[in-house]
**Q** 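Please read through the structure below; I'll follow up with questions.
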There are 2 protein chains.
Amino acid sequence: MDVQIDLILKRNQLSVTGSRMKILELFLESKGALAHGDIEKRTGEKFDRVTVYRTLQIFLEKGIIHNIPTSDNSVRYALCTNDCSEGHHHDNHVHFVCSACSNTTCLADVMVPSVKLPVGFSPEESQMVVTGICKDCK
Amino acid sequence: MDVQIDLILKRNQLSVTGSRMKILELFLESKGALAHGDIEKRTGEKFDRVTVYRTLQIFLEKGIIHNIPTSDNSVRYALCTNDCSEGHHHDNHVHFVCSACSNTTCLADVMVPSVKLPVGFSPEESQMVVTGICKDCK
DNA sequence: AAAGTTATGCAACTTTGTTGCAAATTATTT
DNA sequence: AAATAATTTGCAACAAAGTTGCATAACTTT
């Protein structure tokens with residue numbers, strides 16, 4: 001695991017620091033998405049709030065994580081499974097938000113379907129979020 | 001217009017006040033979605049921030065407006081075109097966020113397609129956001 | 001191991017959203 | 001139409017979320 005973390009950071013030209021390793025580890029451990037608050041809690045408050053913000057931001061820029069649009073507009077992040085190049089994400093999978101446990105899951109196998117748009121609209125990226133009951137809460 | 005506004009408010013058992021009329025008018029005028037900030041600016045700062053928050057919240061509860069999940073997690077609202085009953089929205093249309101002008105458009109004619117979920121996941125509601133260039137910016 | 005580079009933590013601040021309460025507005029009753 | 005009852009508004013004060021500058025600490029490179 002540590003080797004993997006090291007690799008991911010170095011591949012993205014990021015220096016390997018305690019906070020980055022720990023936060024990346026959290027993402028690798030948890031199948032679902034993490035909110036800023038989750039991370040602050042699960043790290044045992046070892047890192048400053050600012051550090052968490054900056055780490056998430058740089059992970060986002062590097063394409064290590066992506067953020068998930070939710071209907072309640074809470075900010076959530078999840079690991080990119082595909083190869084996301086710097087600044088250009090392409091995780092075309094559907095996200096599932098459980099209305100019971102409020103966990104967010106990346107449905108890596110479910111692709112976002114394409115839709116026919118009205119004349120004049122050119123799509124660049126599509127995102128889809130499904131709310132409901134997840135497999136752990138049914 | 002005024003009659004329409006009056007009607008909408010009364011139909012939803014809301015007392016007809018200045019701020020509610022004005023904010024509802026803004027929604028009716030603008031085709032796209034509005035963020036909290038937009039409303040504060042466009043009303044000419046006539047109303048208190050708190051009033052705007054409370055008005056949007058009650059419009060949301062009554063099903064007059066719905067909120068839109070965006071990839072940048074900014075909170076946006078748009079008028080419900082369908083008949084949304086209290087607490088139960090069903091605007092199954094796709095939302096389009098323009099990456100040039102950053103306006104959000106409700107594509108009322110484009111329904112959110114359904115997807116096959118993995119075993120154990122029961123869907124309740126689906127939302128889809130497409131980013132790209134809108135018809136005014138192409 | 002030392003120099004150079006980058007990241008962290010702290011403090012202070014801005015923005016965003018919430019709550020309680022008195023005053024003002026709206027709806028209702030007579 | 002005036003008075004009463006019920007809501008809503010704005011203010012103040014607060015809580016939460018996110019940002020910025022800078023000195024210290026940690027990581028990288030040689």
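Residue numbers start from 1 in every chain, and the chains themselves are labelled A, B, ... in the order their sequence lines are given, proteins ahead of strands.
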**Q** Please report, rounded to the nearest Å, how far the C1' atom of D:dC11 is from the CZ atom of B:Phe47.
**A** 16 Å
**Q** What nucleotide among C:dT8, D:dT9, C:dT16 has an atom nearest to a side-chain atom of B:Ser19?
**A** D:dT9
**Q** With respect to the side chain of B:Thr55, which nucleotide from D:dT9, C:dT18, C:dT8 is positioned closest?
**A**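 Closest nucleotide to the B:Thr55 side chain: D:dT9.
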**Q** Given C:dA7, is OP1 or OP2 found less than 4.0 Å from the side-chain N or O atoms of A:Ser15?
**A**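 Yes, within the criterion.
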**Q** Just the rounded figure in Å: distance from C1' of D:dT7 to CG of B:Asn12.
**A**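 The answer, rounded to whole Å, is 16 Å.
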**Q** In whole angstrom, give the distance that lies between atom NZ of A:Lys10 and atom P of C:dT6.
**A**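 Distance, rounded to whole Å: 16 Å.
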**Q** Among the nucleotides D:dT19, C:dT8, C:dG20, which one has an atom lying closest to any side-chain atom of A:Arg54?
**A**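 Of the candidates, C:dT8 comes closest.
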**Q** State the CG-CZ distance between B:Leu34 and B:Phe27, to the nearest 0.5 angstrom.
**A** 4.5 Å
**Q** Given D:dT9, D:dA17, C:dT18, identify the nucleotide with an atom nearest to the side chain of A:Tyr53.
**A** D:dA17
**Q** For the pair made of CG in A:Leu14 and P in C:dA7, what is the distance, rounded to whole Å?
**A**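 Distance check: A:Leu14 CG to C:dA7 P gives 7 Å.
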**Q** Taking only the side-chain heavy atoms of B:Val75 (C-beta and beyond), determine which of C:dG17, C:dA27, D:dT19 contains the nearest atom.
**A**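 In terms of side-chain proximity for B:Val75, the closest of C:dG17, C:dA27, D:dT19 is C:dG17.
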**Q** Does the side chain of B:Arg20 pick up a donor-acceptor pair with the side chain of B:Thr55 at under 3.5 Å?
**A**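 Note: B:Arg20 and B:Thr55 side chains miss the donor-acceptor criterion.
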**Q** Verify the contact: side-chain N or O of B:Thr17 to OP1 or OP2 of D:dT7, cut-off strictly under 4.0 Å; return yes or no.
**A** no
**Q** Can you measure B:Leu9 atom CG to D:dT7 atom P for me and round it to whole angstrom units?
**A** 16 Å
**Q** Could you report the tightest heavy-atom contact between A:Ala33 and A:Ile68, atom names first, then the distance?
**A**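 It is CB-CD1, 3.5 Å.
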**Q** Let me know the distance between CG of A:Asp48 and P of D:dA25, rounded to the nearest Å.
**A** 15 Å
**Q** Which value, rounded to the nearest 0.5 Å, describes the distance between B:Glu40 atom CD and B:Thr51 atom OG1?
**A** 10.0 Å
**Q** Which whole-number value in Å describes the distance from B:His36 NE2 to D:dA17 C1'?
**A**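 These atoms are roughly 15 Å apart.
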**Q** In this structure, how many angstroms lie between the P atom of C:dT5 and the CD atom of A:Gln13, rounded?
**A** 17 Å
**Q** As a test of reading the structure: which of D:dC27, D:dG10, C:dT18 is closest to the side chain of B:Arg49, going by heavy atoms?
**A** C:dT18
**Q** Considering only side-chain heavy atoms of A:Arg20, which listed nucleotide, D:dT7, C:dT8, D:dA17, is closest?
**A**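 Of the candidates, C:dT8 comes closest.
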**Q** Please tell me whether B:His36 and B:Tyr53 form a close aromatic pair, meaning their ring centres lie under 6.0 Å apart.
**A**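 Yes, close enough.
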**Q** Quick check for you: among C:dA7, C:dT18, C:dA11, whose closest atom lies nearest to any side-chain atom of B:Val50?
**A**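 Selected nucleotide: C:dT18.
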